[in-house]
Amino acid sequence: MEASIIKIGNSKGLRLSKTILEKYNIKDKVEMILEKGQIILKPIDKPRENWEQAFKKMRENDDDKLLLSDVFEDENLEEWN
């Protein structure tokens, strides 16, 4: 199948027909895989799939610490009472 590249603002894009979007269940996002001179578009069904496993692994590696303190040194907590 041949498709045209179209101008979208300062960029260019690929327009997919309604039929293709429905057939492959493409919603708002796709995964773009670049390999061996090809561009493969893969529908993203569950954007947060496998997050639970990744979080468990982070906990096991002790990588789940806060990057910033939730209370700043100069913060006056009494003004919130």
Side-chain angles (χ1 to χ4, degrees):
M1 173 186 289
E2 186 175 300
S4 297
I5 303 296
I6 59 169
K7 186 167 176 55
I8 303 174
N10 290 331
S11 301
K12 292 191 176 188
L14 178 66
R15 183 177 297 162
L16 302 175
S17 71
K18 181 180 177 184
T19 306
I20 289 174
L21 295 173
E22 289 174 351
K23 180 176 180 175
Y24 294 98
N25 196 30
I26 297 173
K27 303 293 183 199
D28 295 324
K29 291 188 174 191
V30 294
E31 179 181 356
M32 188 165 53
I33 303 165
L34 309 173
E35 65 178 43
K36 298 178 186 172
Q38 299 182 62
I39 300 172
I40 301 168
L41 300 178
K42 183 177 175 184
I44 297 177
D45 292 328
K46 299 176 184 172
R48 293 177 183 88
E49 189 174 23
N50 299 323
W51 276 24
E52 184 177 352
Q53 295 161 340
F55 291 145
K56 283 181 182 177
K57 186 174 181 180
M58 285 175 63
R59 178 64 190 131
E60 291 167 3
N61 295 335
D62 205 26
D63 283 339
D64 62 344
K65 300 211 183 318
L66 290 175
L67 298 177
L68 296 172
S69 174
D70 58 346
V71 178
F72 297 105
E73 293 175 11
D74 62 347
E75 192 167 18
N76 181 359
L77 299 177
E78 293 193 17
E79 69 186 30
W80 293 96
N81 293 328

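If you're wondering where the values come from, they're calculated on a predicted model, not measured in any experiment.
The residues Glu52 and Lys56 are annotated as salt-bridged, a charged nitrogen and a carboxylate oxygen being separated by less than 4.0 angstrom.
Distance check: Arg15 CZ to Ile20 CD1 gives 12.5 Å after rounding to the nearest 0.5 Å. Between Ile26 atom CD1 and Lys23 atom NZ the span is 11.0 Å, to the nearest 0.5 Å. Here the CH2-CE distance, from Trp51 to Met58, works out to 11.0 Å after rounding to the nearest 0.5 Å. Rounding to the nearest 0.5 angstrom, the gap separating the CG atom in Leu41 from the CD1 atom in Ile33 is 8.5 Å.
Under the 4.5 Å side-chain contact rule for hydrophobic residues, Ile8 and Met32 do not share a cluster.
A 4.5 Å side-chain heavy-atom check between Ile40 and Glu31 finds every atom pair outside the cut-off. Between Leu21 and Thr19 there is no side-chain heavy-atom pair separated by less than 4.5 Å.
Judged by distance alone, the side chain of Lys27 and the main-chain N or O of Lys29 form no donor-acceptor pair under 3.5 Å.
No more than 12 heavy-atom neighbours from other residues, nucleotides or ligands sit within 6.0 angstrom of NZ on Lys12. Residue Ile39 qualifies as open at atom CD1: its count of foreign heavy atoms under 6.0 Å is 12 or below.
Across all non-hydrogen atoms, the minimal contact from Ala3 to Leu14 is CB-CD1, 3.5 Å.
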